[in-house]
Amino acid sequence: MTDMANQAAPATHASGANFQSDAARRHLARRYARERRFRLLGMSAVLVAVLFLAMLLSTVVFQGIPAFTSYSLSLTVNVPKSEVDPEGTGDPAVLRRGDYELYLKQAMAEALPFKIGRKDRRLRNGLISSGAGLSVRDALIADPSLMDRPNAYSVPLSDFADLYFKGLVTDREMVAVQGTLSPTVDGKDAELLSTSSSDFAAILDEVKDHLAGRANGLRQKARLSQLSEKALEADLADYRRRLADADAETRETLEGRIERADKDLAAVKARIANHLAEADKLDQKAADVSESLELDTTLPSYLIRINDGVVRLNQVSAAGVKGEVLIPLSSDEDAAAVNWTMERLVKPESNRKLSDKEIVWLDHLKSQNLVSYGFNTTFFSAGASREPELAGIWGAIVGSFLTMVVTLLLAFPLGVAAAIYLEEFAPKNRWTQLIEVNINNLAAVPSIVFGLLGLAVFLNVFHLPRSAPIVGGMVLALMTLPTIIIAARAALKAVPPSIREAALGIGASRIQTVFHHVLPLAMPGILTGTIIGMAQALGETAPLLMIGMVAFIVDIPAGPLDPATVLPVQIFMWADFPEIAFQQKTAAAIMILLGFLILMNALAVVLRKRFERRW
């Protein structure tokens with residue numbers, strides 16, 4: 001009875017609180033609800049962070065992958081020995097002076113044997129990179145016997161031609177055709193009539209919709225101008241009302257305002273009338289079924305391939321289409337539906353850097369099996385360049401390596417020596433405490449401050465060379481030094497005091513104790529902290545900008561005193577270039593930099609796991 005009575009009685013704390021009361025239950029329920037909300041908030045924060053990280057990495061990867069491959073053009077070039085190397089010495093210095101672009105232009109004319117004007121010849125020659133001659137030159141320097149005979153050379157295409165083959169210039173659609181097409185060619189112009197009136201009906205409707213859209217846009221502009229017209233009329237009425245009661249000085253001012261407002265009002269009315277008249281004209285043009293409508297460059301382009309030729313449409317009507325011959329037709333015979341095709345280039349010519357002619361020529365080169373696709377070795381073997389297809393990161397990688405070597409050689413011994421002294425030998429007084437506090441504060445100083453320090457001391461005082469890895473390494477060593485000191489002190493402190501006591505007990509000196517026993521045991525932790533500090537230095541950009549490592553360096557540095565740049569600065573420079581191909585190279589360089597950082601951090605983890613000791 002006594003136990004049952006105790007179980008039935010409410011649980012009471014020593015302080016007198018009743019945990020079975022309604023107030024206690026409500027309090028517990030609120031506490032559990034707060035815990036659930038906290039867990040949900042924590043999980044939401046982690047999910048949001050993972051989502052943003054995934055978006056960032058996916059954007060970088062998808063944008064950077066095309067930069068690892070490239071398209072090249074195989075051209076048959078005949079370089080006469082009498083013009084490039086008249087004495088036949090094969091001297092590389094003589095061969096480097098040759099004008100190889102001339103022979104490449106001749107090769108392009110043979111690859112695209114169409115009769116074109118001077119302006120189009122410039123377009124045709126622009127399909128290959130401006131540095132294509134370097135490929136021929138290097139091949140002849142390696143093997144001078146290639147001169148005086150036709151030989152196939154693989155040369156890089158221009159950046160936009162490369163982007164076109166990667167599908168990054170415009171989408172293209174095949175338009176279904178049904179009827180037999182009858183071509184009539186007169187010089188550069190061609191008239192195409194199809195037995196199926198529906199073959200070109202969609203194009204006619206598209207042009208009419210485009211004209212209707214332009215007319216609506218003009219009427220919208222007219223409506224906006226009408227608001228300005230009303231405002232000007234209100235201002236004029238106000239000026240004239242105030243002019244009636246104005247004195248001589250104010251009258252002169254108001255008369256000037258009225259004159260300007262009259263001119264503005266007349267201009268606005270003329271603009272409104274022009275917009276409305278142009279809109280009516282466009283509507284009338286679209287409604288007139290007998291008139292041919294023009295396919296201008298603001299509309300998608302249409303290409304018709306018939307009888308081994310290509311015609312770009314520039315006029316369409318209910319009866320047929322007219323166009324410009326881009327590749328001559330082999331004959332003017334009628335072509336059945338299976339013998340002619342029609343393509344639609346979705347992006348209008350006015351919105352892309354590659355014209356319809358260049359696209360047709362590139363398609364022709366590819367149909368002749370002259371275009372090849374492969375790994376972009378130039379990206380990993382070349383230095384900086386203003387031409388995207390010739391730009392590479394090898395110069396930045398070498399510059400980063402030299403900079404990191406200088407940083408490691410300076411920061412590691414100094415940092416470890418400072419940590420050993422502060423942890424093992426320095427007296428515990430206010431001065432050492434002040435030094436420790438300042439080291440901890442230096443680890444949190446913005447990196448740009450170290451760049452300013454390097455600019456003021458290394459360049460302005462000691463006059464060391466600008467843009468050189470040695471100066472960059474010295475600046476990054478200053479920045480990394482606090483991190484190494486803090487990590488090394490923590491590793492030394494983690495060694496148990498019994499190790500020191502045992503060494504001292506068998507007669508070792510303090511220096512022997514530290515260097516023979518404590519330091520080897522602390523070295524895994526020191527190396528881990530050093531690698532993490534070096535990884536941070538590898539990704540730094542701001543301090544290197546201050547010492548001139550943002551300079552445009554084409555040559556690969558051969559030593560720490562040569563001008564160079566580093567990977568983060570190269571990424572910073574490429575990100576500022578407007579060319580689309582440089583955007584891809586920026587993303588690709590970011591992927592490589594992230595790869596190096598991940599490798600360095602993975603190495604730190606492996607070292608820690610491999611040599612870690614638990615006491």
Side-chain angles (χ1 to χ4, degrees), residues 396-423 426 431-492 525-551 553 557 559-572 593 596-597 600-601 604:
I397 290 178
V398 174
S400 294
F401 173 75
L402 294 174
T403 304
M404 288 299 104
V405 168
V406 174
T407 303
L408 183 63
L409 292 178
L410 291 176
F412 183 72
L414 284 177
V416 174
I420 291 175
Y421 175 75
L422 291 173
E423 192 63 33
W431 289 108
T432 53
Q433 290 177 357
L434 180 64
I435 292 172
E436 292 173 2
V437 170
N438 277 285
I439 289 174
N440 293 332
N441 289 335
L442 282 174
V445 169
S447 58
I448 189 72
V449 176
F450 292 100
L452 291 170
L453 177 65
L455 173 66
V457 177
F458 301 137
L459 298 186
N460 295 339
V461 176
F462 295 106
H463 301 290
L464 293 175
R466 294 179 68 89
S467 310
I470 188 168
V471 181
M474 293 167 74
V475 172
L476 293 179
L478 290 176
M479 192 195 72
T480 312
L481 203 53
T483 304
I484 296 178
I485 293 175
I486 294 171
R489 290 194 64 190
L492 292 170
I526 296 174
L527 290 177
T528 301
T530 303
I531 292 173
I532 293 174
M534 295 296 292
Q536 180 191 1
L538 179 62
E540 281 296 337
T541 306
L544 303 179
L545 297 179
M546 299 304 299
I547 59 169
M549 295 200 79
V550 71
I553 308 297
L561 296 176
D562 292 340
T565 186
V566 292
L567 267 174
V569 178
Q570 186 69 73
I571 293 170
F572 174 79
L593 179 60
F596 278 124
L597 295 176
M600 293 181 73
N601 283 284

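Being a predicted model, the structure only gives us computed values, none of them experimental.
- I532 approaches A604 most closely through the heavy-atom pair CG1-CB, 4.3 Å.
- A donor-acceptor distance shorter than 3.5 angstrom exists from the side chain of T565 to the backbone of M549, with no hydrogens or angles considered.
- Using a 4.5 Å cut-off on side-chain heavy atoms (C-beta onward), L422 and I439 make contact.
- Atom CE in M534 sits 5.5 Å away from atom CE in M600 (nearest 0.5 Å).
- Between M474 and V457, the closest side-chain pair of non-hydrogen atoms is not below 4.5 Å.
- For the pair T541/I571, no side-chain contact is recorded, criterion being any heavy-atom separation below 4.5 Å from C-beta on.
- The two residues T432 and A426 come nearest to each other via the heavy atoms CG2-CB, 3.8 Å.
- Contact record, P543 with V475: CB-CG1, 3.7 Å, taken as the closest heavy-atom pair.
- Panel note: side chain D562, backbone G559; a donor-acceptor pair is recorded below 3.5 Å.
- Within the 4.5 Å cutoff, side-chain heavy atoms of T480 are placed close to those of T407.
- F412 places a side-chain heavy atom less than 4.5 Å from the side chain of L527.
- Checking I397, T403, V405 one by one against F401, the side chain to side chain contact (heavy atoms under 4.5 Å, CB included) holds for a single residue, V405.
- Contact annotation: the side chain of N460 approaches that of L455 to within less than 4.5 Å [non-hydrogen atoms, C-beta and beyond].
- Residues S447 and A542 approach most closely at OG-CB, 3.9 Å, considering heavy atoms.
- Within a 6.0 Å radius of CZ in F572, no more than 12 heavy atoms belonging to other residues, nucleotides or ligands are found.
- The two residues L459 and L464 come nearest to each other via the heavy atoms CD2-O, 3.3 Å.
- Within the 4.5 Å cutoff, no side-chain heavy atoms of P568 are placed close to those of L544.
- In terms of heavy atoms, P560 sits closest to V406 at CB-CG2, 4.4 Å.
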